[in-house]
Structures are given as C-alpha cells and as structure tokens.
Novice: 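Have a look at the structure that comes next, please.
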There are 2 protein chains.
Amino acid sequence: MTVTDTPGATGRARTVPKPVRATIGRPRPQARDQYTISEVVAYTGLSAHTLRWYERIGLMPHIDRTHTGQRRYSDQDLDWLDFVAKLRLTGMPVADMVRYAELVREGGHTYRERLELLVAHREDVRRRVAELRDTLGVLDFKIDFYAGAEPAPERH
Amino acid sequence: MTVTDTPGATGRARTVPKPVRATIGRPRPQARDQYTISEVVAYTGLSAHTLRWYERIGLMPHIDRTHTGQRRYSDQDLDWLDFVAKLRLTGMPVADMVRYAELVREGGHTYRERLELLVAHREDVRRRVAELRDTLGVLDFKIDFYAGAEPAPERH
DNA sequence: GGCTTGCCTAGAGTGCGCTCAAGGTATTTA
DNA sequence: TAAATACCTTGAGCGCACTCTAGGCAAGCC
C-alpha cells in the first residue's frame, strides 16, 4: 500500500459496526495497470455494483475508461481500494472515507486535515479495541458459568 | 450483572458494526425493583422507544405492568439490559441476541446451545480485535507519514 | 446474422436498528 | 375543572451501506 493516496461526498452516524469481509487477500494478477472491473471484483471481494457505487459517491478517484466506456482500474486504484478496505474494516463510516478522499483530491494543503481525520479515527479504533477486550471478560465469565453449571456436558 | 439471565424472536446479517454508546454507567437509583420506563432510560441511555421495541421483538422477558398498563422494570430486567448492552457493544446482531433471549426463556435444557452461541460470538470478537489491532498498524504508518511529510506542521 | 458475454447507466429496493408520528388513557397539579 | 405530565399502542419512516432491476451497447464466436 502506498502512502500517497489517490481518490474523491461527506456525512456521519453512530452505532456498532458489523463484521466486514476479513480483508483483501487474493494476489494481484501482475502489475498490468489495466484491470477490468471483474478482475477488481476478484481481487477485492467487493461486488461490481459496490465498486461503481463507490465511484458515484466520490470515494474513488477518476477511473480510466476504454474507448467504449468500460472501466480500467490502475495499480494505484487497487492500492486505494486496499486502504479503503482497511478503513471499512475498522468501521469508519463511508461518509468519512469520502471526506478523506475529497481531501486527497484537493491536494497537498489538506495534509493537516487528513492527519487529523486519521488520528481521530485511530483514537476511535483504540477505544473500540479497549471496549471489546473489556467485554471479552464478561463473555469469558458467562461462558465459564455455562461450561460449569451445565446439567452435565453430555447429559443430552 | 447476574449469570442467570432473564429474557425472549430470531435472524442474522453480516457487515462491520458501528460504535455504540460507551456503556451503561449511571448508578441504579437503589434496588426498589420497580423502575418506570423513564428511570430505565436514564439508567441505560436507551430511548423509551427502543426499550419498547426491544420488548416487541422478543429481546426482553415479560415486563411487569401496573394496573393501568405502565411498565415497571425489575432489577433483573436491568441486569439483562446491562448484558444486552455488552453484546450490542461487541456488535452482536439484534437477531442473535433475540435468539439468545429465546433460549433463556426456554429453560435449562438450552444451556448447551447458549454456550455455543456465546463461544462463537467470543471467537468473533477476538477475530475482530485482531483485525483492528492489525489495521492500527496501517493507521500508525499513514499518520507517521503525514506527521513527517507535512509541508511543515505550522505552514498554514 | 444471431447469440453470448461482459460491461454500462439510472434508479429502485433491501435489511438492519432504531426513531418518530398520531392518537389515546390515567394521574398529578394549578 | 382544566391543563400538564407521563405513559400507552400501532404503524410508518429514516439513515446507512449496499444490492438489484431493467434496459442497453459493443466485441467475440459459430
């Protein structure tokens, strides 16, 4: 994943995020810098619908097109999708990612704001990790109880 | 929080959970075992709408009523709400919590299934924690980059 | 030429987890 | 007695993040 991002709407919400696909994973065909949407689907695990939607809402930078209008994703685009996947995984709202993408498109003078956004998000993630670890304790306790107090493990 | 739960419907989904309220917190008025809905709102931070909705979908056990039909929550009910809050915090889908509540209502012979449900959820949470920690690395990396490569921290 | 495949667009629909609206009753307070 | 307050119910609505539908074009293959 490069550090120099590539992308391009905004908003905000609040509830617990549901688990998203584990992560990217599949190997990149081999840097041809010209991937069709279905190759990107295979690589990212996202649906073509979702990829087009990401573009519509401004979460992606401009994507190249063939003369007949088909999308051709570049390696940089895949890098960006990798990063987006990470952010999603940590439960960042799509609107925030879009905001970040906008900042990237706006250029160098937005470094500070991007930094702030990432730092705030990192805090968020850290808090979340702490909460989860905390709750794991409660789960352990309950589980121990059930494992012990059970009418006898094999009793039906 | 007691270990002997109290609650009761069912379903399933899959995406990343959004952050939910930090946690219960506010002190329990003092065990009167007869709390009005607005007291429970103050205690849990949930809205009255949500509390009634939880009941409708079978996430709560039977809640006592006054002769005029107003709800009166017991300490046990609050304990259950504490536990539910924990589960929500860890992103357990409402449908799963409802399933768990059903099992509790069904009685002792469901211990095994409850145990399995909790164990599976714990695995889920552990996986999620691992993913988050992982992604924190990526965030740290990006943040270090921005903090360093910035056109100079005070440059505008 | 006809069929298949892979892609395109605009816009509607879905599932989850609430949240709100409308209309009503009982108790307390002025 | 009138008004305010706190609660009730049923059912519709909302925001988010997708996901699907319908209709269409272009290139490849027999």
Side-chain angles (χ1 to χ4, degrees), chain A residues 9-21 34-60 62-73 81 84-85 87-101, chain B residues 9-21 34-60 62-73 81 84-85 87-101:
Chain A
T10 303
R12 181 130 277 266
R14 238 82 276 274
T15 307
V16 176
K18 315 171 209 156
V20 113
R21 260 173 12 77
Q34 284 281 60
Y35 310 95
T36 64
I37 200 166
S38 53
E39 285 170 327
V40 178
V41 163
Y43 175 62
T44 62
L46 296 169
S47 73
H49 285 307
T50 301
L51 287 168
R52 295 191 195 105
W53 178 67
Y54 275 6
E55 210 175 317
R56 261 199 297 202
I57 64 175
L59 183 51
M60 299 295 296
H62 173 74
I63 302 294
D64 279 357
R65 300 288 182 128
T66 63
H67 70 106
T68 60
Q70 295 199 0
R71 272 164 265 250
R72 287 300 177 266
Y73 292 82
L81 282 169
V84 162
L87 295 182
R88 280 297 297 126
L89 205 55
T90 52
M92 181 186 275
V94 166
D96 289 9
M97 303 194 301
V98 169
R99 174 72 188 135
Y100 185 83
Chain B
T10 302
R12 182 130 275 269
R14 238 80 274 280
T15 308
V16 176
K18 311 171 214 156
V20 114
R21 263 176 6 78
Q34 286 279 62
Y35 309 96
T36 65
I37 200 166
S38 52
E39 285 170 327
V40 179
V41 163
Y43 175 63
T44 62
L46 296 170
S47 73
H49 285 305
T50 300
L51 287 168
R52 297 192 195 105
W53 178 67
Y54 275 5
E55 211 174 317
R56 264 201 295 204
I57 64 174
L59 182 51
M60 298 295 297
H62 173 75
I63 302 294
D64 280 358
R65 301 286 184 128
T66 63
H67 69 106
T68 59
Q70 296 199 356
R71 271 164 267 251
R72 286 299 177 266
Y73 291 82
L81 282 169
V84 163
L87 294 182
R88 281 297 297 127
L89 205 53
T90 53
M92 181 185 274
V94 166
D96 289 10
M97 304 194 302
V98 169
R99 173 71 187 135
Y100 185 83

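In what follows, chains are A, B, ... by sequence order, proteins preceding strands, each numbered from 1. In what follows, every heavy atom counts, from backbone to side chain, and hydrogens, waters and symmetry copies are set aside.
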Novice: Ile57(B) CD1 to dT10(D) C1': how many Å, rounded?
Specialist: 16 Å
Novice: For Asp64(B) and dC8(D), what is the distance between atoms CG and P respectively, to the nearest whole Å?
Specialist: 13 Å
Novice: Rounded to the nearest Å, what distance is computed from the OH atom of residue Tyr35(B) to the P atom of nucleotide dC7(D)?
Specialist: 16 Å
Novice: Within less than 4.0 Å of OP1 or OP2 of dT9(C), is there a side-chain N or O belonging to Arg65(A)?
Specialist: yes
Novice: When the distance from CD1 of Ile63(A) to C1' of dC8(C) is rounded to whole Å, what number comes out?
Specialist: 15 Å
Novice: For Glu55(A) and dC18(D), what is the distance between atoms CD and P respectively, to the nearest whole Å?
Specialist: 16 Å
Novice: Angle between the two end axes of the helix from dG1(C)-dC30(D) to dA30(C)-dT1(D), five base pairs per end, rounded to 10 degrees?
Specialist: 20°
Novice: How long is the line joining CE of Met60(A) and P of dC18(D), in whole Å?
Specialist: 14 Å
Novice: To the nearest angstrom, how far is Leu51(A) atom CG from dC7(C) atom P?
Specialist: 11 Å
Novice: Nearest of dC7(C), dC7(D), dG17(C) to any side-chain atom of Val94(B)?
Specialist: dG17(C)
Novice: Using whole Å, report how far CD of Glu39(A) lies from P of dT5(C).
Specialist: 18 Å
Novice: Could you tell me which residues satisfy salt bridge (charged side-chain N to carboxylate O under 4.0 Å, His left out) with Arg71(A), sequence neighbours excluded, listed by chain and number?
Specialist: Glu55(A)
Novice: Evaluate the side-chain proximity of Trp53(A) to Val94(A): yes if any heavy-atom separation is below 4.5 Å, no if none is.
Specialist: yes
Novice: For dG17(C), does the base pair up with any side-chain atom of Arg88(B) as donor and acceptor (N or O, under 3.5 Å, distance only)?
Specialist: no
Novice: Applying a 4.0 Å non-hydrogen cut-off, can you work out what Arg71(B) is touching in the nucleic acid: base, sugar-phosphate, or nothing?
Specialist: sugar-phosphate
Novice: Describe the nucleic acid contact of Arg56(A) in one word from base, sugar-phosphate, nothing, applying a heavy-atom distance below 4.0 Å.
Specialist: base
Novice: Can you see which heavy atom on Leu59(A) is nearest to which on Ala101(A), and at what distance?
Specialist: O-CB, 3.9 Å
Novice: What nitrogen or oxygen pairs link the protein and nucleotides 22-29 of chain C at under 3.5 Å?
Specialist:
residue	atom	partner	partner atom	Å
dT27(C)	OP1	His67(B)	NE2	3.3

Novice: Here's a test for you: under side chain to side chain contact (heavy atoms under 4.5 Å, CB included), which of Thr66(B), Ile63(B), Ile37(B) qualifies with Arg72(B)?
Specialist: Thr66(B)
Novice: Is Tyr54(A) close enough to dC18(D) that one of its side-chain N or O atoms is under 4.0 Å from OP1 or OP2 there?
Specialist: yes
Novice: By side chain to side chain donor-acceptor pair (under 3.5 Å), which residues pair with Arg56(A), not counting sequence neighbours?
Specialist: none
Novice: Please state whether the phosphate of dA17(D), meaning OP1 or OP2, lies under 4.0 angstrom from any side-chain nitrogen or oxygen of Thr50(A).
Specialist: no
Novice: Please pick, from dA17(D), dG6(C), dC8(C), the nucleotide with the shortest atom-to-atom distance to any side-chain atom of Trp53(A).
Specialist: dA17(D)
Novice: With heavy-atom distances below 4.5 Å as the criterion, would you say the side chains of Met60(B) and Val84(B) are in contact?
Specialist: no
Novice: Who passes side-chain contact (heavy atoms from CB on, under 4.5 Å) against Ser47(B), sequence neighbours left out?
Specialist: His49(B), Thr50(B)
Novice: Is any side-chain nitrogen or oxygen of Thr36(B) closer than 4.0 Å to OP1 or OP2 of dC7(D)?
Specialist: yes
Novice: From Asp96(A) CG over to Arg99(A) CZ, what is the distance, rounded to the nearest 0.5 angstrom?
Specialist: 10.0 Å
Novice: Please classify the nucleic acid contact of Arg72(B) as base, sugar-phosphate, or nothing, using heavy-atom distances under 4.0 Å.
Specialist: nothing
Novice: Check whether any side-chain heavy atom of Tyr54(B) lies under 4.5 Å from a side-chain heavy atom of Leu81(B), and answer yes or no.
Specialist: yes
Novice: Between atom CG of Leu51(A) and atom OH of Tyr73(A), what is the distance when rounded to the nearest 0.5 Å?
Specialist: 4.5 Å
